[in-house]
Amino acid sequence: MKEFKAKIKYNKKAGKDLYIMDLETPGGVFSKPGQFISILIPDKTLRRPLSILGNTGDGLQLLYKVRGEGTKYLSNLKSGDFINFTGIFGNTFAPGEKNLLIGAGVGLAPVYYLKKELEKKGVTSKLIAGFKTKDEIPEDLITDIDLISTDDGSFGEKGSIAEFTERCIKENTPDTICICGPVIVMKLVSETAAKYNINCQVSMESMMGCSIGACRGCVIKINDNGIIRNAAVCKEGTIFDGNKVFFGGCEHA
Amino acid sequence: MKEFKAKIKYNKKAGKDLYIMDLETPGGVFSKPGQFISILIPDKTLRRPLSILGNTGDGLQLLYKVRGEGTKYLSNLKSGDFINFTGIFGNTFAPGEKNLLIGAGVGLAPVYYLKKELEKKGVTSKLIAGFKTKDEIPEDLITDIDLISTDDGSFGEKGSIAEFTERCIKENTPDTICICGPVIVMKLVSETAAKYNINCQVSMESMMGCSIGACRGCVIKINDNGIIRNAAVCKEGTIFDGNKVFFGGCEHA
Amino acid sequence: MPDLSVDKGKLQLKNPIMTASGTYGYNLEYEDFTDLTKIGAIVTKAITLEPRDGNRGQRIIETECGMINSIGLENVGIERFLREKLPVLNNRGISFAVNIAGASIDEYALLAKKCESAGIKMIELNVSCPNVQHGCLEFGVDENILEALVKTVREVFTGCLIIKLTPNVTSIEKLGLACRNAGADAVSAINTIKGTGIKLSFENGKFKKEQVTGGYSGRGIKPAALGAVLRLKKVLDIPIIGMGGIYSLNDVFEFFASGAEAVQIGTANFTHPDIAGKIVSELDSFMNNNGFKTLDELKGALRNE
Amino acid sequence: MPDLSVDKGKLQLKNPIMTASGTYGYNLEYEDFTDLTKIGAIVTKAITLEPRDGNRGQRIIETECGMINSIGLENVGIERFLREKLPVLNNRGISFAVNIAGASIDEYALLAKKCESAGIKMIELNVSCPNVQHGCLEFGVDENILEALVKTVREVFTGCLIIKLTPNVTSIEKLGLACRNAGADAVSAINTIKGTGIKLSFENGKFKKEQVTGGYSGRGIKPAALGAVLRLKKVLDIPIIGMGGIYSLNDVFEFFASGAEAVQIGTANFTHPDIAGKIVSELDSFMNNNGFKTLDELKGALRNE
Ligand SMILES: Cc1cc2nc3c(=O)[nH]c(=O)nc-3n(C[C@H](O)[C@H](O)[C@H](O)COP(=O)(O)OP(=O)(O)OC[C@H]3O[C@@H](n4cnc5c(N)ncnc54)[C@H](O)[C@@H]3O)c2cc1C
Ligand SMILES: Cc1cc2nc3c(=O)[nH]c(=O)nc-3n(C[C@H](O)[C@H](O)[C@H](O)COP(=O)(O)OP(=O)(O)OC[C@H]3O[C@@H](n4cnc5c(N)ncnc54)[C@H](O)[C@@H]3O)c2cc1C
Ligand SMILES: Cc1cc2nc3c(=O)[nH]c(=O)nc-3n(C[C@H](O)[C@H](O)[C@H](O)COP(=O)(O)O)c2cc1C
Ligand SMILES: Cc1cc2nc3c(=O)[nH]c(=O)nc-3n(C[C@H](O)[C@H](O)[C@H](O)COP(=O)(O)O)c2cc1C
Ligand code: FES
Ligand code: FES
């Protein structure tokens, strides 16, 4: 873990309120799919966590949606500007032999990164992604996604991505599902995976204070072999076994 | 009194940490020498009061020194940017037939404005100004100043402007002195003026909350014909009879 | 057209946006900036029996997230207020409450009586004043003294009686309950938080220091204010008027969500002298555009989720 | 080289920059960011007798000028702390204080005894915990209970005993005096201010609300913290450790000016994980460049002008 001052290579619009940022990290940083960084926003009391979308050796890519002041601030930055981030934080996915990767909304970032890594290693994977509507799809990444659904049918299949999971399980018979998205989607997919006895890994979100396991601000409840205990999303996660997570206990996602 | 959104015509460096700003105030605003405006600084709880340096009919000019975040913010603005100010606030000088105008540091602004107005009216006045050092002198205004002193002698006469007051009184036999500057300078000059029985008007500074006489945050003590009472600098002032002001009671200047 | 009125017992307001005592002068100070008749009610500067000079020295200082004031109750006194300021409020049709402050229970009662006689319909008791009778503790920090104070005032004032609570206590709930038990029509919260602002600079080997100790107000106190309103709401059945760091309609909604029936805007007037009228318009538009017919409907939506 | 050490009775620190409980973990959490051995002392998360799970639901929320936390004392318990965390602190030569929290006076005493036996040299009592014996009021709000608590702990702990005061009281002075009378070596102030953070959004005709009620910390509480330190300084002859919203050396100076002998950095660690070590270096350079040989000299200059 370190504090980085990174130069923005580009920061481009990728959809409605959606941006892809490329950061120059001289000398490179080591990261794995599912990990995240925390960005300093001037005058804000908390850093803003963002998942890593890709690592090109000399740079990290991010995919983010403008939600409030912090992401608004980021969206206004230009090539050549600097940002301060800390990282690299969190654990990584443990993919199987045959993987179904699912991203919902900006939850696409970590599973997209995973897909690219698996491709490099020649491991089989299928990436499906769901969005509310066409505008929310990051154009640049479309070609890498095997199935896209939109809630309103404005692009790809119509419906929630959770609905297509079962079909994809049947078609692709994966041994592992890796998913990142809204809690409700991860909950539904975990249940489906359980039904088919498939290992399902979910990437959780939580309000982060320190991002390093010190403040216990980000904990969720997990069932750890019968023992119900707290787990820090920033350190023990963000990736957990979908069967072990109490999705209800996580009001914030 | 009104809230104005004014466009910056120019904002140029006039010395070390010193700037002159020209504001476009469409339709013009009516102002008198000694009056001030209060500028909104984003996220700050108080507006920043600045004296008017001049009024060109379609615009107001300001002379300001960078002291903290607010004036730093102003100094970074460019032609075409907008600022929000409220005004016009405060009373004005009551000049005599023969006037000695004294400015110390950025206290030059209101008396410079006064000099220009008196010139228009053909009233006699002499403007003298004191600065710590050469760097602090606003170059553009030099030619209009009849005598300049610097504490370190780097420009003009060497010494505090208070020291030259007596000489100027003898040479010019003014009936009225109008002064703006640090409290200590105004106190000394008031005493000298009293010695020569000259009417002396001082422009006071104070921390301002509302600028409109509502909060009583800016009051100073004055001796109003034997009655010692509070006077709001923003409304009853900023210009007071130097004999009536308790300079000691004004810790902030 | 949505109905913005507040109708909670004796607390009757044309809309829930008020301006806070000490920040809005006595009557017309802000008239150049906003239509004063549009405001739910302006609350006057604290008025005492005799005119007061207030504190000496620097009275305000800015802090990162707000400001400190130590005005010290400077005011023209009740007689001059009734004579000079009140007629203007009445003639212009401005809704208002008079904020009063006494050094003893008798003084509060006398002030309230004078207000009653002058036909004033709403008063707010500032109980953050030093209590001379009881060893200079404030009236607002001891629930027994506060209850006695409010009871006495209640006997002489028939209009809407609001008690303004200080947050500088161990349990604001107990003080709120004391007010309610003594017959108050509403409480307002919060007054300023005790605090100090310091501005240091170091030049030529020496420190220069500006320092003001007094009441902290502005953005930085909003979380404490929302917390106080929530705690009061849990124990009180009389309306709560919320304040502390309100700068926007969204802030007003946060206070509604916490249980406030109306709000007051204080420090924000200094940077945004038109804010009170502007928020009234924004509230009206918001309700209009989103189909909220009454304030209670809006508050319900904010409180239940 | 200037002498940064703090030498006030049992409060012995190599420098006055500490990190605040609950924001810095137990031991090595920040080691990738700053040299922990450079810090005056890190204060551990509050430790209780038994491990605790803390509160459910969302635990933190950002506000305009700080944050609200409602962690609820989640911790590994004293046994695991002594077994797993303490040896690391000792082996690495990290200066530290252990922050302890009990549900009864006996629990505090037992915790302190265990610290004493384990050779711990400095403890900080977190007295903002619900007092189960006395109807769930906090220990830190009643001067008699606090005095009894501190007396009892004093009997079993010989090291530096710091009591951390809560600002959520009518008179922090009385509580500080109670600590001093009971034999505390220092007080630290302030713990978080009671507050609520709300985040509203309105989409598709419905409000969404995130809300956390708990302790307010960060920039926005600095004026209240400085005020508390100033008030304590007026009545106490034991050292005061100041905290609340410290983000810079200038902030540290403001606390020195108000009477603090040392300071703690809390929320600022979240955005600036290297801040504690950085401020130590900055303090050293400042003193060096400006001819201050000791901390007392610097504090003198800050307090007298
Ligand atoms: C591990 C993790 C990875 C994430 N990855 C991505 C990503 O790749 N792309 C993306 O667009 N978004 C991602 N998010 C969400 C992103 O952090 C928020 O959208 C962002 O912080 C919003 O900040 P804001 O200032 O724009 O909005 P605000 O108005 O401040 O907040 C809007 C919402 O964002 C969330 N948020 C704000 N601050 C934090 C914080 N410190 N920790 C956690 N959540 C916060 C809260 O739910 C809040 O209600 C991730 C969140 C987490 C926890
Ligand atoms: C009536 C009046 C007229 C003035 N005219 C001029 C002028 O023509 N040119 C010029 O350079 N300066 C003038 N000043 C001073 C100017 O207002 C301050 O320099 C400015 O506010 C500093 O703001 P800052 O954010 O840069 O610094 P900060 O770091 O915020 O403050 C530095 C110092 O400026 C003063 N200051 C800050 N805010 C206020 C406030 N709201 N009211 C009064 N003083 C404040 C305080 O003494 C403070 O210590 C005038 C002040 C007053 C009261
Ligand atoms: C300059 C100033 C003067 C004040 N004077 C009074 C007063 O006379 N009586 C009173 O009850 N409250 C007084 N207050 C407190 C405010 O009415 C209000 O309770 C407080 O400032 C919190 O609201 P805000 O954060 O919106 O300012 C004063 C506040 C300020 C800033
Ligand atoms: C997330 C968080 C957890 C905290 N936990 C504790 C704690 O366990 N014990 C304690 O005494 N104080 C605790 N505090 C209070 C801090 O130690 C400190 O008193 C307070 O945050 C004010 O300082 P700051 O503004 O620099 O953060 C906590 C604060 C935060 C933000
Ligand atoms: S964010 Fe602090 S422990 Fe996870
Ligand atoms: S600044 Fe408010 S009365 Fe002068």
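Naming: A, B, ... by sequence-line order, numbering from 1 per chain.
- For A:L46, the parts lying under 4.5 angstrom from a heavy atom of chain D are both the backbone and the side chain.
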Stepwise side-chain contact (heavy atoms from CB on, under 4.5 Å) test for D:Y247 and A:T45: CA-CA 11 Å; D:Y247 273 81; A:T45 299; 4.0 Å; yes
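- D:Y26 does not touch chain A: none of its heavy atoms, backbone or side chain, sits under 4.5 Å away.
- When heavy atoms are compared at a cutoff of 4.5 Å, D:Y24 approaches chain A solely by way of its backbone atoms N, CA, C and O.
- Dense packing is recorded around NZ of A:K13, with more than 12 heavy atoms of other residues, nucleotides or ligands lying under 6.0 Å away.
- Atom CD of A:E3 sits about 9.0 Å away from atom OG1 of D:T271, to the nearest 0.5 Å.
- Contact tally against chain A (heavy-atom pairs below 4.5 Å) for D:M67, D:E74, D:K45: the top residue is D:E74.
- Between chain A and the options D:G54, D:G22, D:G66, heavy-atom pairs under 4.5 Å are most frequent for D:G66.
- Within 6.0 Å of NZ on A:K187 lie no more than 12 heavy atoms contributed by other residues, nucleotides or ligands.
- Atom-to-atom distance recorded for D:E62:CD and A:E69:CD is 8.5 Å, nearest 0.5 angstrom.
- Crowding of D:K278 atom NZ: a count of heavy atoms from other residues, nucleotides or ligands under 6.0 Å not exceeding 12.
- Using a 4.5 Å cut-off between heavy atoms, D:D53 contacts chain A through both its backbone and its side chain.
- In this structure, CZ in D:F270 is found 12.0 Å from OG in A:S38, a value given to the nearest 0.5 Å.
- Across all their heavy atoms, A:N230 and D:R59 have their closest contact at ND2-NH2, 3.6 Å.
- Residue D:K38 qualifies as enclosed at atom NZ: its count of foreign heavy atoms under 6.0 Å is above 12.
- Nearest heavy atom pair, residue A:G213 against residue D:E29, reads O-CG, 4.3 Å.
- Ranked by heavy-atom pairs under 4.5 Å with chain D, the first of A:R47, A:M208, A:K2, A:R216 is A:R216.
- Within 6.0 Å of CD in D:E50 there are 12 or fewer heavy atoms belonging to other residues, nucleotides or ligands.
- For D:K14, the NZ atom sits in a packed shell: over 12 heavy atoms of surrounding residues, nucleotides or ligands are nearer than 6.0 Å.
- Residue A:K132 places its NZ atom among 12 or fewer non-hydrogen atoms of other residues, nucleotides or ligands, all under 6.0 Å distant.
- Considering OG1 of A:T86 and CG of D:D274, their distance stands at 10.0 Å, rounded to 0.5 Å.
- Proximity to chain D is absent for every atom of A:K235, based on heavy atoms less than 4.5 angstrom apart.
- Residue contact with chain A, scored on non-hydrogen atoms closer than 4.5 Å, involves the backbone of D:T23 exclusively.
- By the 6.0 Å contact criterion, NZ on A:K244 is enclosed, its count of non-hydrogen atoms from other residues, nucleotides or ligands being greater than 12.
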